[in-house]
Amino acid sequence: MHDIQQARHIPVALNRCIDLLAPAIEKAIELRGVAVIIDATLGLGGHTRALLERFPQATVIGFDRDLDAIEIARKNVAPFGERLTIVHRVYDQIPEVLAERGIEMIDGALFDLGVSSMQLDVADRGFAYSQDAPLDMRMDQSQGLTAKEILFSYDRNSLIHILRAYGDEKFAPRIADNIIAARDSNQLESTKQLADLVKESIPAPARRTGGNPAKRTFQALRIEVNQELATLESAIPAAMEALVPGGRIVVMAYQSLEDKIVKNFFTKACTSTTPRGLPVELPNTAAKFSYVITGSESATEVEIEENPRAQSMRLRAIERVAA
Ligand SMILES: C[S@@+](CC[C@H](N)C(=O)[O-])C[C@H]1O[C@@H](n2cnc3c(N)ncnc32)[C@H](O)[C@@H]1O
């Protein structure tokens with residue numbers, strides 16, 4: 001375990017997320033006396049706590065793959081007892097977790113994607129290029145390949161692929177070559193060594209724009225280490241499928257690759273499958289979902305000033321309208 005006692009995380013768009021889920025929760029409580037919500041990214045429990053406070057008849061199943069986060073969340077939400085079930089699982093296992101608990105349908109789902117401030121702040125997790133630490137970057141430190149294991153075992157083409165696909169890195173071949181040279185001479189042990197290597201791989205004029213040059217490489221590695229896009233690709237449709245009619249799903253994404261995945265699923269689900277140009281909608285082709293937010297929303301200026309993490313956030317929400 002790490003030194004997580006002082007760990008903090010300011011929940012992003014807290015009231016807005018709860019307001020977006022509220023009609024689904026109120027409807028469920030009116031119909032069945034309870035509401036079941038999935039918090040797919042429990043983190044330190046900020047959103048879940050607010051939800052349980054506002055709706056005394058709501059219960060939450062909170063997923064997190066990070067044991068440090070779970071330890072803190074347990075303390076933060078202890079007063080709510082059995083109304084919260086915490087599961088140490090990846091959120092692509094939503095169907096399995098619901099089946100294990102005999103839950104057929106849910107009333108709402110919240111995804112607050114990416115890493116928490118706690119994960120970035122605890123230096124030895126290896127997420128931050130600004131702090132020197134071992135190259136780990138696993139959200140779940142109990143399993144999977146570390147960033148170092150990936151850097152040492154992937155061939156040149158695979159390294160170039162992840163840097164390009166997940167980091168949009170123009171200088172991927174130079175960085176990959178330098179990674180291979182550094183690992184061959186055992187000069188690649190820490191986040192600082194990697195950040196310096198990336199900086200040296202990028203020509204000086206290109207270094208002057210776009211912030212820290214290591215940012216793209218760190219993002220790419222983190223996505224690969226945690227298989228972030230693949231898990232999201234299966235979790236979003238699974239959560240949508242589990243919703244009752246009237247149920248809602250709310251997602252906050254902080255980088256464009258994740259937001260694009262969410263946008264594509266939501267657009268498809270909110271669009272009739274009747275071929276364009278037909279004068280009437282064919283039977284069984286009506287969209288099963290409708291937009292609660294048309295397009296996406298950003299955080300407010302005030303929030304961004306208080307919490308810089310909110311800057312890149314894109315919020316999307318849809319409601320299930322048919323079984
Ligand atoms: C941005 S934080 C959530 C913060 C939370 N909403 C709060 O208010 O405290 C994201 C959390 O989701 C977890 N996480 C990210 N991807 C995950 C996945 N695929 N499965 C389970 N948990 C995941 C991370 O470990 C992190 O704790």
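Ligands are counted one by one from 1 in listed order, and the atoms in each one are counted from 1 as well. On a predicted model such as this, the values are computed, not experimentally measured, just so you know. One-based numbering along the sequence shown.
Each side chain to side chain donor-acceptor pair (under 3.5 Å) pair with one or both residues in residues 109-123, not counting sequence neighbours, appears once here: H9-S117, D66-Q119, D112-Y254.
Within 4.0 Å of ligand 1, counting heavy atoms only, the contacting residues are H9, P11, A40, T41, L42, G43, L44, G45, G46, H47, D64, R65, D66, A69, R89, V90, Y91, D112, L113, G114, V115, S116, Q119, M139, T231, R309.
We find the CG-CG distance between L257 and L113 to be 12.0 Å, quoted to the nearest 0.5 Å.
A side-chain contact (heavy atoms from CB on, under 4.5 Å) with L151 is found for one member of L197, I179, T217 and no other, namely I179. No option in L188, I180, N186 other than I180 meets the side-chain contact (heavy atoms from CB on, under 4.5 Å) test with D184.
For the ring-ring contact (aromatic ring centres under 6.0 Å, His included) test, residues two or more places apart in sequence or in another chain that qualify with F111 are Y91.
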Listing, residues 285-292 side-chain donor-acceptor contacts under 3.5 Å, not counting sequence neighbours, or none:
from: T285; atom 1: OG1; to: T274; atom 2: OG1; distance (Å): 2.6
from: T285; atom 1: OG1; to: L282; atom 2: O; distance (Å): 2.6

